[in-house]
Protein chains: 2
Amino acid sequence: MPKAKTDKTTGTQLLDRAISILNHLGDAGADGARMSELADACSLNASTAHRIISSLENHGLIERIAGTRRVRLGLALFALGAKAADGTGFRRACHPSLLRIAAETGDMVFLMARSGFNTVCVDRQEGAYVIETLTGQVGGQIPLGVGSAGQAILAFLPEAEAEAIIAANATAYKAFNQLSADDVLARIKEIRELGYALDHGQLIEGISALAMPIRLNDASIAGALTINMTSARLKPKRLEGLLELLQREIAVIRGLINPYEVRAAKPQARPAG
Amino acid sequence: MPKAKTDKTTGTQLLDRAISILNHLGDAGADGARMSELADACSLNASTAHRIISSLENHGLIERIAGTRRVRLGLALFALGAKAADGTGFRRACHPSLLRIAAETGDMVFLMARSGFNTVCVDRQEGAYVIETLTGQVGGQIPLGVGSAGQAILAFLPEAEAEAIIAANATAYKAFNQLSADDVLARIKEIRELGYALDHGQLIEGISALAMPIRLNDASIAGALTINMTSARLKPKRLEGLLELLQREIAVIRGLINPYEVRAAKPQARPAG
DNA sequence: ATCGTAATTCCATATTCTGAAATTTTCAAG
DNA sequence: CTTGAAAATTTCAGAATATGGAATTACGAT
């Protein structure tokens, strides 16, 4: 679980600490954590941690678990998160595509986006076949570089940025089937040429994932569409069909999104056509 | 939109300001807001607002909208919010009930919970009939006291607390079909006796909502189950059936939740039976 | 009932955050 | 292409805020 770097900003130490607490609580899961655990985990004085946690509690971002001395993330955070999801408009624009792909293929379809050093599951749609995945529910996240969607996104990020991310995530990779930074770098090179990412059981045995990046007119990358299925279901012939399907839907999505985003993009190299 | 009070806590002004900015951005919706707007809205010096926003941006809680000078809530917040939803375990425990109720009735079913002064939609399930509602999507919220779910929750909160909430929300009520604090107080009294809340088109013309509180063994209130339908579909005979159905499902939910929560509840008056 | 641990409060102090001012960037209009 | 006004960003000395050690209280295990 790579944590976002905190060092650069000045003048907001308290804020950094509070967010650190929220992130740790997020990792803690359903049972939450004790204040002292959080204080330890974030290297804070108990008194400081207590003050921050109390404040977050007053705002509803954290709540106490009745009958225990533990706290967990609160519903106000949940509500804010829901607004964040709507806010991007990205999900709304892509949802019809997810529905169509799931209906046509019968497989699970995911909409993934980048958040810092991670790949976040923004939306998902189940087809007839439901299988195990790493990010699971909407809102789940894994380090960028793990999984085909994250690799597809990395591949089309500016090279320097991609390398920085991979370096930052390197230690986190080990937890995923002994992935290494070099593996990711190699994979990304292929993906850049192919235009899509295919994981044929490398990440989860027996599960194949096909991801295609959603690129915008200004060459930035909005996210990726992913189809997951059991490897047995992905025969070479089917792959072609799926790629076409993905391409078609991404064209639709670009039509919906670009008018928003492109308004006077940076006066840089604009890809011809 | 009542904002949570901020005054009491000491030693976290910066945090309060940051959360205020997040809340305002949440209200801003898909197009986000300018920094200067946020600074104004939160009564902050531009420089201070800038510092806070930048920090939140570094953590991914806020993101810039490409090609504009606007910012919106970020995906990291979305991810945190998703963890908050899972974290309560409440949703997971109740979801099967939602599915059963939606299947049996064909109507829309909601799981609502309290967050500060608001009622939050924690989960929802569509039946055959889909209709307009106020909280809409999961994560949506309205002031406690508006809508049958919020009233059901208020009715079984400690009286002093309920009154404080109603007083705090009084001005916010006006926006909802000219509701008044007195209306809410009167309604709550009825609900306490009946054991459920029925809105027969008072809030949204032509839409009826039936809500029943989910109370725990320690007399605290976890939330409410709500069924929404067009008023035409709610005939007196049907009401009985729906009430039974809700009661049955809430019994199931209590069985799932209580083991967790009750661990040594406060040694206070435990309602007999 | 007793003790060790965790939570909470208190408060003088240092540190962090503040906000006015200066600088740079952006954008609309001429 | 200029120009100018508004927004964003940076800087910095000073002031208010957050800090964390110590004291106190609450909890829960034995």
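Just so it is clear: chains get the letters A, B, ... in the order the sequence lines come, proteins before strands, and each one is counted from 1.
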> Counting just side-chain N and O atoms, does B:His50 come under 4.0 Å of either OP1 or OP2 of D:dT9?
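Answer is yes, contact under 4.0 Å.
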> Does a distance-only test, which skips hydrogens and angles, find a donor-acceptor pair under 3.5 Å between the side chain of B:Ser47 and the base of C:dA20?
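Answer is yes: a donor-acceptor pair is held.
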> Is any side-chain N of the basic residue among B:Arg114 and B:Glu161 closer than 4.0 Å to the acidic one's carboxylate O?
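Between B:Glu161 and B:Arg114 there is a salt bridge, with a charged N closer than 4.0 Å to a carboxylate O.
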> Assign each of A:Arg34 and B:Gln13 to its nearest nucleotide of DNA chain D by heavy atoms, then name whichever residue's nucleotide is nearer the 5' end.
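Looking at DNA chain D, the more 5' nearest nucleotide goes with B:Gln13.
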> Is A:Arg69 close to A:Met35 at the side-chain level, that is, under 4.5 Å between some pair of heavy atoms?
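Heavy-atom side-chain distance check fails, nothing below 4.5 Å.
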> Just how far is it from atom CD1 of A:Ile166 to atom CZ of A:Phe117, taken to the nearest 0.5 Å?
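Those atoms lie 11.5 Å apart.
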> With a cut-off of less than 4.0 Å, is there a side-chain N or O of B:Ser36 near OP1 or OP2 of D:dA8?
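Result: yes.
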> Among D:dT9, C:dT8, C:dT18, which nucleotide sits nearest the side chain of B:Thr48?
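Selected nucleotide: C:dT18.
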> Are B:Arg17 and D:dA18 close enough that a side-chain N or O sits under 4.0 Å from OP1 or OP2?
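Indeed not, no polar side-chain atom of B:Arg17 lies that close.
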> Closest to the A:Met35 side chain: D:dT9, C:dA7, C:dT18?
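So the nucleotide nearest the side chain must be C:dA7.
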> Output the rounded distance in Å from CG (A:Leu44) to P (D:dG21).
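Answer to the nearest Å: 12 Å.
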> Measure the shortest side-chain to side-chain distance between B:Ile52 and A:Leu15 over non-hydrogen atoms and say whether it is less than 4.5 angstrom.
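Touching, per the 4.5 Å side-chain cut-off.
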> Rounded to whole Å, how long is the line connecting atom CD1 of B:Ile62 with atom P of D:dA8?
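After rounding, the reported distance stands at 13 Å.
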> Whole angstroms only, please: what is the CZ-P distance between A:Arg51 and D:dG20?
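After rounding, the gap between these two atoms is 8 Å.
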> Hey, could you give me the CD/SG distance between B:Glu37 and B:Cys42, rounded to the nearest 0.5 Å?
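It is 11.0 Å, given to the nearest 0.5 Å.
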> A:Leu15 or A:Arg69: which one's nearest nucleotide on DNA chain C is closer to the 5' end?
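The answer here is A:Arg69.
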> Would you mind reading off the distance between A:Ile53 atom CD1 and C:dA6 atom P, rounded to a whole angstrom?
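After rounding, the gap between these two atoms is 14 Å.
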> Determine which bases of DNA chain C form Watson-Crick or G-U wobble pairs with both distances under 3.5 Å, and write the result as a 5' to 3' dot-bracket string with | for other-strand partners.
||||||||||||||||||||||||||||||
> Considering every strand and a 4.0 Å limit on heavy-atom distances, what is the contact class for B:Arg70: base, sugar-phosphate, or nothing?
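Since no nucleic acid heavy atom lies under 4.0 Å of B:Arg70, the category is nothing.
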> Starting at CG of A:Leu14 and ending at P of D:dA18, how long is that distance when rounded to a whole Å?
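Whole-Å distance recorded here is 6 Å.
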> Rounded to the Å, how far apart are B:Asp40 CG and D:dA8 P?
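Rounded to whole Å, this separation is 10 Å.
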> Distance check needed: C:dA7 C1' versus A:Glu57 CD, whole Å only.
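Answer to the nearest Å: 12 Å.
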> I'd like to know whether B:His59 forms a side chain to side chain donor-acceptor pair (under 3.5 Å) with A:Asp16, so could you lay out the CA-CA distance, the side-chain angles of the two residues, the decisive distance to 0.1 Å, and finally the verdict.
CA-CA 8 Å; B:His59 290 286; A:Asp16 296 339; 2.7 Å; yes
> side-chain contact (heavy atoms from CB on, under 4.5 Å) with A:Cys94: which of A:Val252, A:Ile250, A:Leu111, A:Val122?
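Among A:Val252, A:Ile250, A:Leu111, A:Val122, the one that satisfies the side-chain contact (heavy atoms from CB on, under 4.5 Å) with A:Cys94 is A:Leu111.
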> How many Å lie between CG on B:Asn45 and P on D:dA8, as a whole number?
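Going from CG in B:Asn45 over to P in D:dA8 covers 13 Å.
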